[in-house]
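Input: a single structure, listed below in structure tokens.
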Amino acid sequence: MPRTFDPAAVEARILRMWEEGGYFGAAAAEVEAGGDPYVIVIPPPNVTSVLHMGHGLNNTIQDVLIRWRRMRGRVTLWVPGTDHAGIATQNVVERRLAAEGRTRHDLGREAFVERVWEHVRVTGDRILGQLKAIGCSCDWTRARFTLDEGLSQAVREIFVRLYEDDLIYRGEYIINWCPRCLTALSNEEAEGAEAGGSLWHIRYPLAPGHGEAAAAARAAGAGAVNRLADGRWHLTVSTTRPETMLGDTGVAVNPADPRYGSLVGAAAELPLTGRTIPIVADRHVSAEFGTGMVKVTPAHDPNDFEIAARTGLEVLDVMTERAAMNENAPAAFRGLDRIDARRAVVEALAGEGLLAGRDDHDHAVPRCYRCDTVVEPRLSEQWFVRMKPLAEPALAASRDGAVTFAPGRWTRVYEQWMENIRDWCISRQLWWGHRIPVWYCGDCGAEMACRRDPTVCGACGSAAIEQDPDVLDTWFSSWLWPFSVFGWPEDNRDLRAFYPGHTLSTAPEILFFWVARMIMAGYHAMGDAPFARVYLHGTVRDIQGRKMSKSLGNGVDPLEVVERFGADALRFTVLAGAGVGADIRLDHEDLESAFAPGRNFVNKLWNAGRFALMSLGDEPIRPLAEVLEDLELEDRWILSRQQHAIRRVDEELEAFRMQGVAEVMRDFFRGEFADWYLESVKHRLRPGGAGREAARSVLVHVLDGICRLLHPMVPFVTEELWGLLPAAGGRKGPLIVARWPAADPALDDPRAEEAFGWLQDLVARVRAIRKEYRVGEGRQVSLRVTGGGRSRVLEGRGEMLGRLARIGSVEVGAPVAGATGASAVLRDGTGLFVPLEGVIDLDRERARAVREVGRLSGVLKGIEAKLANPDFTTRAPGAVVEREREKRESCKLQLTKWNEKLTSLGGLDR
RNA sequence: GGGCGCUUAGCUCAGUUGGUUCAGAGCGCCUGCCUUACAAGCAGGAGGUCGGCGGUUCGAAUCCGUCAGCGCCCA
């Protein structure tokens, strides 16, 4: 066995063993036979490129949950797969084409799609390979891709069903349009980013003949209505986007605004265009904002579009799909990009004296979530899903607890989104994705949503039919994932056995995109939520707190980490850093120290195993039950501590507290087992050592349990070690399917814990004394123990004390008068004295005593003040008061000892 | 504009219903040790007025209010 754990040497072999053994898979028959299923469907990674640390974290979390349940005997199924990621993947491939100087149009639709397939076959395999490398125990035979044949059928089925139920419709509305990707986006795909901008104030001259109305408005307090230099009346509107004024078709005021009542029905001359536009009243307009008068651009603003719908204003589209001004704009602006047009419009207005001013104005500018281009609200014909009916059961699920979120604060976020749900724009003007299953008849104009490709029009029989050219939003396939992976809409055994699933672990960024919609689809298609618990983990960030991203170059490649430090090191590090839902920071420039916590821990475990294997010998190990009568204090102590650890790990895992599991196991395995238990039994494990049999049994039993408890977090090193450990009483199969430990109350031993705790305290004091007086490591000391009722614990522990603190001999009794040495006092008042002739500095020793007396006096004073307070003794719980009393006694005892010591050293003033 | 989260040791973070001897871990740092499991280790140690202020309480890192800084979500 190598001195350090060599992940590269064992991971591949163990992975093969797991896969060949079929431990990752689950069959419907197991559930049908009465098995209790536990199912997770993976959030399918995008096939755009490779996995990053965020995936590393999320998939490690899922694997921990899966392995834990598997060891508890559940029929465990983790379904893996990948997402075609429509717009994102198309963008990646288009960028590659661009590098060759070509566009997708050069290739044509069919060749382009084939080109994307080539890309995703490579990245898809690589992604699954990465998941395997970090140890994910998915059922790889079930791997799915959202564009697979079966999943495509599911997409079609749900589309047609929703269409037939009138929950899908097509219509002309203002949608979010990316002028670079040239496609519609959903509201969720348009991400608002705060940006500094300007608010321009523009004067629109009133059309002739409305002077009286203007004067009336002016009289009613309308400061925004005034006369221009040439005497004409004008009104003032404000906008952050002056270029859209070229598409204005009206001006609106609130009908209840007393200032503008006289102007409703009047008209304004739209500058630069020669058009005259009406002034209308609409309840949407806020009288408080700006001048209380707004320009209305129905084709380029969703609110204005609605105003137009209510008031009958004309809709005039003045932009091209690339957000340049089109032929509906005045000749001077035609062809200008929206940014250039803005500048030109502002200049032109200023030139005509119609620019009233400009203020700085910060506002949210929505950007394309895939290419960051500023999104343009655009009027276009798209497909939508009517969401309100779908949201109802999904909202109820959260309210009645059928679906819960961790951390719980996401519940409100989810519910608020559901309560304010808006229709979902699902058509995309892309080539990569599920084609919309709708055909239009060129002869009779019929529109048909079809489960199978039609050859003729269902209405008139004409063969002149054409499929809708658009594809569906990528999330329109993802939302079906929890049941489409099992073959829905076919009603089969898998679906019945494994739906609904149990836990979903994912990033909060896709709560609306995906989680919420999966719940809606689950209820609509299956009548049940796809999972009961949603864990929303944190974000992996760099050391400066920035999200890891390719463009910043601050990403960490999970494969590089696996190669350098091992999968277990990666897993333990991210888990130990993962508070519930909290972000994780990793230093991408110093992977060595970033992953040291995991690597060091794994290595420590490996070496504890090495030690065990080297000291156990070949003789059979007796089961713990057979040596219970022979257990020593340290045996009973570590067994009792193990029961605590088992209970804690279960609690932590149940609550998704991965960091808590890591902490419990660090404390138990490292802080107690390795640092104390192993050191305490080394002498017993020597050939012929007294109590060897019991020590071997306990050692194997506890280490075996440690491997089991740690297996979900660090599966490779535990599997390897466990396989090498001799088994007490035989065992079947590998660790991955070994039984999860259950706490055994018969092994709880509070008295052993107390006694061993006293011993630990004693050892720590002696070690501290040795350090204080720089007693060399090689030198043994003797120890004199005075008072306290515990000194019997020391009997027969000479070798153990020798190893733990180089204590050569122990005597029990009163201090020897006149001896030179260092003292200490344990909490129970036990006095310790370490004779150190020659090295003792009396002044230093006196200072130690004074320091201790001071500290203890302070503590005692606090306790006594507390106990003297009747409010405390009457209001605090009895147990708390009792504890204070015990503390008081302990302090008094210790003080007495230290004062005696001081006296023997000649008192304070020497 | 509305909402949420965070602020504890040099760094990254725990601290589970308010209550052990005036706050813990990992990494880093200091000192001493290659003690035949482990130097990726062991032992000892330094380092924090728990963001500021105010309040509730016998008692506050923990509950409430407020201010400041940082981050996120929605409009």
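Naming convention: chains lettered A, B, ... in sequence-line order (proteins, then strands); numbering from 1 in each chain. Computed from a predicted model, the values in this text were never measured in an experiment.
A:Ser890 and A:Glu886 form no side-chain donor-acceptor contact under 3.5 Å, judged by distance and modelled atom types alone. Side-chain contact of A:Thr896 with A:Asn899: a donor-acceptor pair under 3.5 Å is absent, judged by distance alone.
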Pairs of donor and acceptor atoms involving the side chains of residues 660-669 of chain A, under 3.5 Å and at least two apart or interchain, shall be tabulated with distances.
none

Under 3.5 Å, which donor-acceptor pairs link side chains of residues 856-865 of chain A to any protein atom two or more places apart or in another chain?
{"unit_1": "A:Ser857", "atom_1": "OG", "unit_2": "A:Val853", "atom_2": "O", "d": "2.5"}

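Ring centers of A:Phe405 and A:Trp410: at least 6.0 Å apart, outside the cut-off.
One interatomic measurement links the two molecules: CD1 of A:Ile769 to P of B:A43, which rounds to 18 Å at whole-angstrom precision. In this structure, A:Leu57 places its CG atom 13 Å from P of B:C13, rounding to the nearest Å. Between the CZ atom of A:Phe565 and the C1' atom of B:C27 there is a distance of 14 Å, given to the nearest Å.
With sequence neighbours excluded, the residues satisfying ring-ring contact (aromatic ring centres under 6.0 Å, His included) with A:Trp424 are A:Phe476, A:Trp479. In terms of the salt bridge (Lys or Arg N to Asp or Glu O under 4.0 Å) criterion, A:Glu11 has no residue partners (sequence neighbours excluded). Residues passing the side-chain hydrogen bond (donor to acceptor under 3.5 Å, both in side chains) test with A:Arg806, sequence neighbours excluded: none. Not a single ring-ring contact (aromatic ring centres under 6.0 Å, His included) links A:Phe611 to another residue, sequence neighbours left out.
Annotation: side chain to side chain donor-acceptor pair (under 3.5 Å) contacts involving residues 770-780 of chain A, sequence neighbours excluded, comprise A:Glu772-A:Arg844, A:Tyr773-A:Glu845. Within the structure, ring pair (Phe, Tyr, Trp, His ring centres under 6.0 Å) contacts touching residues 645-666 of chain A (residues at least two apart or in different chains) are A:Tyr535-A:Phe656.
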Distances for protein N/O vs nucleotides 32-41 of chain B N/O pairs under 3.5 angstrom?
{"unit_1": "B:G32", "atom_1": "N3", "unit_2": "A:Lys771", "atom_2": "NZ", "d": "3.3"}
{"unit_1": "B:A37", "atom_1": "O2'", "unit_2": "A:Asn607", "atom_2": "OD1", "d": "2.5"}
{"unit_1": "B:A37", "atom_1": "O2'", "unit_2": "A:Arg610", "atom_2": "NH1", "d": "2.8"}
{"unit_1": "B:A37", "atom_1": "N7", "unit_2": "A:Lys682", "atom_2": "NZ", "d": "3.1"}
{"unit_1": "B:A37", "atom_1": "N6", "unit_2": "A:Ala674", "atom_2": "O", "d": "3.3"}
{"unit_1": "B:A37", "atom_1": "N6", "unit_2": "A:Glu679", "atom_2": "OE2", "d": "3.2"}
{"unit_1": "B:A37", "atom_1": "N3", "unit_2": "A:Asn607", "atom_2": "O", "d": "3.0"}
{"unit_1": "B:A37", "atom_1": "N3", "unit_2": "A:Ala608", "atom_2": "N", "d": "3.3"}
{"unit_1": "B:C38", "atom_1": "OP1", "unit_2": "A:Arg3", "atom_2": "NH1", "d": "2.6"}
{"unit_1": "B:C38", "atom_1": "OP1", "unit_2": "A:Arg3", "atom_2": "NH2", "d": "3.2"}
{"unit_1": "B:C38", "atom_1": "O4'", "unit_2": "A:Asn607", "atom_2": "OD1", "d": "2.8"}
{"unit_1": "B:C38", "atom_1": "O4'", "unit_2": "A:Asn607", "atom_2": "ND2", "d": "3.4"}
{"unit_1": "B:C38", "atom_1": "O2'", "unit_2": "A:Asn603", "atom_2": "OD1", "d": "3.3"}
{"unit_1": "B:C38", "atom_1": "O2'", "unit_2": "A:Asn607", "atom_2": "ND2", "d": "3.4"}
{"unit_1": "B:C38", "atom_1": "O2", "unit_2": "A:Lys604", "atom_2": "NZ", "d": "3.1"}
{"unit_1": "B:C38", "atom_1": "N3", "unit_2": "A:Lys604", "atom_2": "NZ", "d": "2.9"}
{"unit_1": "B:A39", "atom_1": "OP1", "unit_2": "A:Arg3", "atom_2": "NH2", "d": "3.0"}
{"unit_1": "B:A40", "atom_1": "O4'", "unit_2": "A:Asn600", "atom_2": "OD1", "d": "3.2"}
{"unit_1": "B:A40", "atom_1": "O2'", "unit_2": "A:Asn603", "atom_2": "OD1", "d": "3.1"}
{"unit_1": "B:G41", "atom_1": "OP1", "unit_2": "A:Asn600", "atom_2": "ND2", "d": "3.4"}
{"unit_1": "B:G41", "atom_1": "O3'", "unit_2": "A:Lys604", "atom_2": "NZ", "d": "3.1"}

Collect all protein-nucleotide pairs involving nucleotides 72-75 of chain B in which both atoms are nitrogen or oxygen and the distance is under 3.5 Å.
{"unit_1": "B:A75", "atom_1": "OP1", "unit_2": "A:Arg422", "atom_2": "NH2", "d": "2.5"}
{"unit_1": "B:A75", "atom_1": "N6", "unit_2": "A:Glu194", "atom_2": "OE2", "d": "3.3"}

Got a list of protein N/O to nucleotides 9-11 of chain B N/O distances below 3.5 Å?
none

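Contacts of A:Pro877 with the nucleic acid, taken as non-hydrogen atoms under 4.0 Å apart, include base atoms. In this structure, A:Asp583 reaches the sugar-phosphate backbone alone: every heavy-atom distance under 4.0 Å involves primed, P, OP1 or OP2 atoms, never a base.
Annotation: of the two residues near RNA chain B, A:Arg666 and A:Glu651, the 5′-most nearest-nucleotide partner is A:Glu651. If you find the closest nucleotide of RNA chain B to A:Ala576 and to A:Ala768, the one lying nearer the 5' end belongs to A:Ala576.
Among the nucleotides B:A14, B:C4, B:U16, the one closest to any side-chain atom of A:Arg657 is B:U16.
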**Prompt:** How does RNA chain B look in dot-bracket form if you count Watson-Crick and G-U pairs under 3.5 Å, write [ ] for pairs that cross, and put | where a base pairs with another strand?
**Reply:** (((((((..((((.....[....)))).(((((.......))))).....(((((..]....)))))))))))).
